[in-house]
Amino acid sequence: MSKSSKPRGIFASPKGMHDILPQEQIFWERIRKSVKEIAESYNFLRIDPSLLEPQALFERSLGATSDVVEKQMFSFKTRGGDELVLRPEGTAGIARSYIQHGLSQLGSPVKLYYMGPMFRYEQPQAGRFRLFYQAGFEIIGGDEDAIYDAQIILACYRMLESLKLKKLMVRINTIGCKNCRPAYRKRLVDYYKGRGGATLKEKLLCRDCQRRLSVNPLRLLDCKVPSCQELRKDAPTLLNGLCAYCKAHFKSVLEYVEELKIPYMLDNYLVRGLDYYNRIVFEIFTDAVPAVDVRKKADGVTSIKFDFALAGGGRYDYLIEMLGGRKDTPGVGGALGIERIVEVLRALGTLLPLGKTKSKVYLIHMGDLAKKKSLGLIENLREGGIEIAESLGKESLKSQLRMADRANSPMALIFGQKEALEDSIIIRDLITGAQETVPLHKAVSEVKRRL
Ligand code: AMP
C-alpha cells in the first residue's frame, strides 16, 4: 500500500448525529408503531414532507430572529445556486406542502402526522442533538376552534402515555394574537427599558436578552439565565393584557383539556421561540425521572438532566398566509422528540418489550448441494408464510445449531447431503428433540402443522 492510500483513522458520525443501531431498532419500531396507531385512531393522515427545503421558507415562517434561523440551520447552496437547508422542524414544510398541493381538498380541517429526522446546529448536550427525530401532528384549515388545540395536546399526550410514560404534565400558555400582543410587547419593553433610555434592568440582562429586547422581546420570558429569570419576576404578564377573543379561546382550551382529564399547569413564561405561533403554546414534561441521575457517555454528554420537554407545539393561525396561502387558514400542531422519549424510557428501565423477537424456524444445511438448494427452499417457505432464519454462510452443524439456539428457534429444518439428493428434509423440534423426515414438497404444510 502506498503511503498516500494508507487509512488515516476511522470515521465517526458527525458531532451531535447518531446512528440507530440494529439492537435499538425494535425499540424505535415500537415508537413508530405507537405514532401510527395513535395518529390513525384520531384520524390523522400520514405526510412525509421533503427533507430539504428552501432556506427562505424558514426565514419567513419561524422568523429571521428566531434562534433556529439565526444560529441553527444546516444551509448550503446547490450547484444550481438554490439556497437550501436540512429541515430544522416539520411544521413549515407541511404548511408549504399544504399550499403547494392544495391539501385543503383532503378535509377542512385536514389532520396530518409525520415522523422523521430534523437537523439543528445546536451545541450537543443531554437531550439536545444536531440530528434528532420528531413525530408530529398538525390540524390545518377549517374553523379556528379550541377543540383542535385540545386534540393536538391529546394526541401528543396519548402518544407518551401509550409508551407507558408516567407523571406527565402539560405546561400551557397563551401568547395572544396580532391584536393584543403588540400592546403587551410594548409594556414588556417598557418594563425593561423604562420609557426614556436604558435602565439598570436592561444592563443586567444577559447578552442574548439585551439583543432580543429589540428584536423578539417575548423571548426574554423563557430565558434560562438565573439573573434574567430574577428580573422577569416583576415583568407584566400577557394574561392580563389578552383581548376578549384570546381570553375566551384560552378558557375553552383549558376546559377541554380538563374534560379529557389531562394534567396541566399554567406557565406564564412559556413563549416558544418561533414567529409563527399565536395564542396557545404548550410543552409536555415528565416528572417520573429524578432531575439528574443517569450517566451517558455518548457525544461528550456525561450526565443527563431530565428537565427537558418531551413534546411542544402551539397554534399558528397566520402561518399559511405568511407563506402565500389563503388568508384566514388556521392551524395548530405539536411535535414529540423521539430521542428524549428513548432516554427517559432507558433511565426508567422500562425499555419496551425489547425482549423477544418473533422466533423463527431455523434452516440448517450441510454440504454444497443442500446449500444451493436451500436458496429455493427458503423462497418456498417464505411464500408459504413461514419466517425463516438461517446462516448459509456457516458450514459446521455445531455452529448452525448454536445460532439456532441463540435465535430461540422452536424448530429446525435440517437439510443435509442425503436429504438434498432424496428431496426430503428433517424437521426437528428443538424443545423436545423429536425429529422426522418428510418429503421436501410437503415441507411448508408439515412445518405449518407443527407451529
Ligand atoms: P420544537 O420543534 O423545538 O418545538 O421541539 C419539539 C420537541 O422536539 C421538543 O419538545 C423536544 O422533545 C424535541 N427536540 C427539539 N430540539 C431537539 C434537539 N436538538 N435534540 C433532541 N430533541 C429535540
Side-chain angles (χ1 to χ4, degrees), residues 13-18 20 28 31 35 49 53 57-58 61-63 66-74 85-95 113-138 149 152-153 155-157 159-160 163 165 168-173 175 216 218-219 222 224 267 270-278 280-286 288-289 296 298-301 304-316 319 331-347:
S13 55
K15 189 172 173 186
M17 309 217 172
H18 60 93
I20 306 169
W28 279 72
I31 295 179
V35 171
E53 293 282 2
L57 172 71
F58 298 101
S61 56
L62 275 58
S66 63
D67 281 355
V68 174
V69 169
E70 246 181 5
K71 309 178 197 159
Q72 299 173 350
M73 301 236 273
F74 280 93
V85 293
L86 285 167
R87 63 182 189 191
E89 57 105 62
T91 305
I94 289 178
Y113 81 100
Y114 61 93
M115 177 165 167
M118 307 293 160
F119 304 85
R120 292 184 197 169
Y121 192 83
E122 305 228 40
Q123 206 38 50
Q125 49 185 289
R128 199 170 287 285
F129 308 102
R130 290 183 178 176
L131 157 65
F132 59 97
Y133 284 68
Q134 282 186 338
F137 306 95
E138 314 284 352
D149 304 61
I152 288 291
I153 295 172
C156 292
Y157 184 83
M159 182 50 225
L160 294 168
L163 295 166
L165 284 170
L168 297 168
M169 176 58 70
V170 179
R171 288 194 198 155
I172 191 165
N173 193 22
I175 54 169
N216 200 348
L218 256 68
R219 289 298 314 279
D222 73 350
K224 301 286 180 282
D267 181 347
L270 184 65
V271 291
R272 301 179 53 75
L274 312 180
D275 269 13
Y276 61 56
Y277 285 125
N278 68 316
I280 296 300
V281 286
F282 74 92
E283 288 188 333
I284 308 183
F285 290 78
T286 176
V289 188
K296 187 184 167 200
D299 223 7
V301 178
I304 293 189
K305 266 184 137 196
F306 280 104
D307 57 356
F308 42 60
L310 298 179
R315 176 162 279 285
Y316 48 84
L319 176 60
V332 55
L336 299 122
I338 307 300
E339 282 77 1
R340 294 188 185 181
I341 297 173
V342 170
E343 288 304 344
V344 172
L345 290 169
R346 264 201 196 119

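No experiment lies behind these values; they were computed from the predicted model shown. Counting convention: from 1, in listed order, for ligands and their atoms alike.
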Next on the checklist: Walk me through whether D149 and R315 qualify under salt bridge (Lys or Arg N to Asp or Glu O under 4.0 Å).
Outcome noted: CA-CA 7 Å; D149 304 61; R315 176 162 279 285; 2.7 Å; yes

Checklist entry - Does any N or O atom in Y277 lie less than 3.5 angstrom from one in ligand 1, N or O only? => result no

Checklist entry - Would you call F285 and L310 a side-chain contact if the rule is heavy atoms closer than 4.5 Å? => result no

Next on the checklist: I need the nearest protein heavy-atom contact for atom 4 (O) of ligand 1: residue, atom name and distance, please.
Outcome noted: R272 NH2, 2.2 Å

Item to check | Polar side-chain atom of D267 near backbone of R171 as donor-acceptor pair, under 3.5 Å | outcome: no

Next on the checklist: Counting the benzene-type ring for Trp, do Y121 and F74 have ring centres under 6.0 Å apart?
Outcome noted: yes

Checklist entry - Is it the side chain (CB and beyond), the backbone, both or neither of R130 that lies under 4.0 Å from ligand 1, heavy atoms counted? => result neither

Next on the checklist: Taking 4.0 Å as the limit for heavy-atom contacts, which would you say applies to R340 with ligand 1: side chain only, backbone only, both, or neither?
Outcome noted: side chain

Next on the checklist: I'd like to know if E89 pairs up with R120 as an ion pair, taking the criterion as any Lys NZ or Arg NE/NH1/NH2 lying under 4.0 Å from an Asp or Glu carboxylate oxygen.
Outcome noted: no

Item to check | Test of proximity, E89 against ligand 1: N or O pairs below 3.5 Å | outcome: no

Checklist entry - For ligand 1, which atoms sit closer than 4.0 Å to a heavy atom of F129? => result 18 (C), 19 (N), 20 (N), 21 (C)

Next on the checklist: At under 4.0 Å between heavy atoms, is it the side chain or the backbone of F132 that contacts ligand 1, or both, or neither?
Outcome noted: side chain

Item to check | ligand 1 N/O within reach of L336 N/O, cut-off under 3.5 Å | outcome: no

Item to check | CG on L168 to CE on M159, rounded to 0.5 Å | outcome: 11.5 Å

Checklist entry - Are any of the side-chain heavy atoms of V271 and Y277 separated by less than 4.5 Å? => result no

Next on the checklist: When you measure from the side chain of K71 to the backbone of V69, do you find a donor-acceptor pair of N or O atoms at a distance under 3.5 Å?
Outcome noted: no

Checklist entry - Looking at ligand 1, does any of its N/O atoms fall within less than 3.5 Å of an N/O of A335? => result no

Checklist outcome for this item: Counting from 1 in the order shown, the ligand 1 atoms closer than 4.0 Å to a non-hydrogen atom of A311 are 10 (O)

Checklist entry - How far is atom 8 (O) of ligand 1 from its nearest protein heavy atom, and which residue and atom is that? => result Q134 NE2, 2.9 Å

Checklist entry - So is E339 in contact with ligand 1, going by heavy-atom distances below 4.0 Å? => result no

Checklist entry - For atom 10 (O) of ligand 1, which of G127, A309, G314 has the closest heavy atom? => result A309

Item to check | atom 3 (O) of ligand 1: the protein heavy-atom neighbour that sits closest, reported with distance to 0.1 Å | outcome: R120 NH1, 3.0 Å

Checklist outcome for this item: heavy-atom search around atom 13 (C) of ligand 1 in the protein gives G337 CA, 3.5 Å

Checklist outcome for this item: Short version for L310: what comes under 4.0 Å of ligand 1, heavy atoms counted, is backbone

Checklist outcome for this item: At under 4.0 Å between heavy atoms, what of M118 touches ligand 1? The answer is neither

Next on the checklist: Once you measure the plane-to-plane angle for Y133 and H18, does it fall in the parallel (<30°), tilted (30-60°) or perpendicular (>60°) bin?
Outcome noted: tilted

Checklist entry - Contact between E283 and ligand 1, counting heavy atoms under 4.0 Å? => result no

Checklist entry - Within a strict 4.5 Å, meaning less than it, do heavy atoms of the P117 and R87 side chains meet? => result yes

Checklist entry - Are any of the side-chain nitrogens in R130 or E122 under 4.0 Å away from the carboxylate oxygens of its partner? => result no

